[in-house]
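Here's the structure we're looking at; comments come further down.
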There are 2 protein chains.
Amino acid sequence: MSHQTPGRSQRQTQQRDAIWQAFKASGRPMSPAEIHEHAQQAVPGLGMATVYRNLRKLEREERIVPVHVPGEPDRYETAKAAEAHHHHFHCEVCGKVYDITGCPGGLADLLPKGFELTAHEISMRGRCEACSLASE
Amino acid sequence: MSHQTPGRSQRQTQQRDAIWQAFKASGRPMSPAEIHEHAQQAVPGLGMATVYRNLRKLEREERIVPVHVPGEPDRYETAKAAEAHHHHFHCEVCGKVYDITGCPGGLADLLPKGFELTAHEISMRGRCEACSLASE
DNA sequence: CTAGTTGCAAAGCATTTGCCTGTGG
DNA sequence: CCACAGGCAAATGCTTTGCAACTAG
């Protein structure tokens, strides 16, 4: 075993590439179905199984991270996007998920004595600007 | 149509009651499987379908609310517990989910201009007191 | 050439529904 | 008595896996 870095995909395929491009192109968290739909435009015969396999692989390689939206199927976004600590906003009208930079902090103070905080995730819900204007 | 209130279970059955008791007994968010396991002690032949049917009914009647834990199956807790604004802590060692009262606030300030905040959910993760002490 | 990859289809899981029997009121 | 509920099993819907064929290196 010569290299141990997490970021080594063994082979470069057009499917794998198309899936990765889907992330780059969107700039926001994507569900497996959205990825599949997008990547299929580049690689017509692309199967759902391949999408899932690559998502898990990318996840193990820490190139993407899962984004959990309450009541919604999981989405994924690039690790680069996740580097900057941020949270998510789910528009209940158009369904899109947006990255929200910043964090209120002070969460550890809410915990009972003895509890150790490792990580946290904040999901906001409401209407994005576009949908907010449209519904007025 | 004479009554329209949301809290109308049509009939009082032992299964329904056992499921409800499971919530009362635990005092923390429970997964369908946990509910089933607990309620089955009171009603041996209780089927999973009945648990799910009752959960959905209780949810419609607004007597329980879903609790989404990132990467975990949904849990549910009593509406009474949910009345006091609170969040959740998932112990990554023992797997239990705890209610955390309080909220850091200031979330709306993080949103881009034009975004409207309707609701939010905060999931914390780490070690609860018991597991924290044990691992030291 | 050779092993990592893909597609398809079948297998898994968790949740929902259909249908007929049981029972609360 | 009779419609609501429950039990069982089949049906979903989403994700994973098995396997033979394919292809990047």
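Side chains included, hydrogens not; waters and symmetry mates left out as well; all remaining heavy atoms used. A note on names: the letters A, B, ... follow the listed sequences, proteins ahead of strands, and every chain is numbered from 1.
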Open item on the list: What's the closest nucleotide to the side chain of Thr50(A) if the choices are dC8(C), dT6(C), dG6(D)?
Closed with: dT6(C)

Open item on the list: To check you understand the geometry: which heavy-atom pair defines the closest contact between Ile19(A) and Val51(A), and what is its length?
Closed with: CD1-CA, 3.8 Å

Task: Atom pair CG/SG of Leu111(B) and Cys128(A) - distance to nearest 0.5 Å - done: 11.0 Å

Open item on the list: Could you tell me how far apart Trp20(A) (CH2) and dT5(C) (P) are, to the nearest whole angstrom?
Closed with: 16 Å

Review item, nucleotides 23-25 of chain D N/O atoms under 3.5 Å of protein N/O:
{"unit_1": "dT23(D)", "atom_1": "O2", "unit_2": "Arg11(A)", "atom_2": "NH1", "d": "2.9"}
{"unit_1": "dA24(D)", "atom_1": "O3'", "unit_2": "Gln12(A)", "atom_2": "O", "d": "3.4"}

Open item on the list: For Ile122(A) versus His87(A), what's the shortest heavy-atom pair and its separation?
Closed with: N-ND1, 3.2 Å

Open item on the list: Looking at Lys57(B), I'd like to know whether one of its side-chain N or O atoms comes within less than 4.0 Å of OP1 or OP2 on dA5(D).
Closed with: yes

Task: Pair Asn54(A)-Gln15(A), side-chain donor/acceptor within less than 3.5 Å - done: no

TODO: Could you tell me the separation between the CD atom of Gln15(A) and the P atom of dG4(C), rounded to a whole number of Å?
DONE: 17 Å

TODO: Rounded to the nearest angstrom, tell me the gap between atom OH in Tyr76(A) and atom C1' in dC14(D).
DONE: 11 Å

Open item on the list: Could you check whether the side chain of Arg53(A) and the base of dG4(C) have a donor-acceptor pair of N or O atoms closer than 3.5 Å, going by distance alone?
Closed with: no

- [ ] Have a look at Arg56(A) and say if it touches a base, only the backbone sugar-phosphate, or nothing, with a 4.0 Å heavy-atom cut-off.
- [x] sugar-phosphate

- [ ] For Ser123(B) and Glu121(A), test the side chains for any donor-to-acceptor distance below 3.5 angstrom and give the result as yes or no.
- [x] no

Task: Length of the CG-P vector between Asp74(B) and dA14(C), whole Å - done: 13 Å

Task: Qualifying salt bridge (Lys or Arg N to Asp or Glu O under 4.0 Å) pairs with a residue from residues 75-95 of chain A, counting only residues at least two apart or across chains - done: Glu34(A)-Arg75(A), Glu72(A)-Arg75(A), Glu92(A)-Arg125(A)

- [ ] Check whether the side chain of Arg16(A) and the base of dG4(C) form a donor-acceptor pair under 3.5 Å.
- [x] no

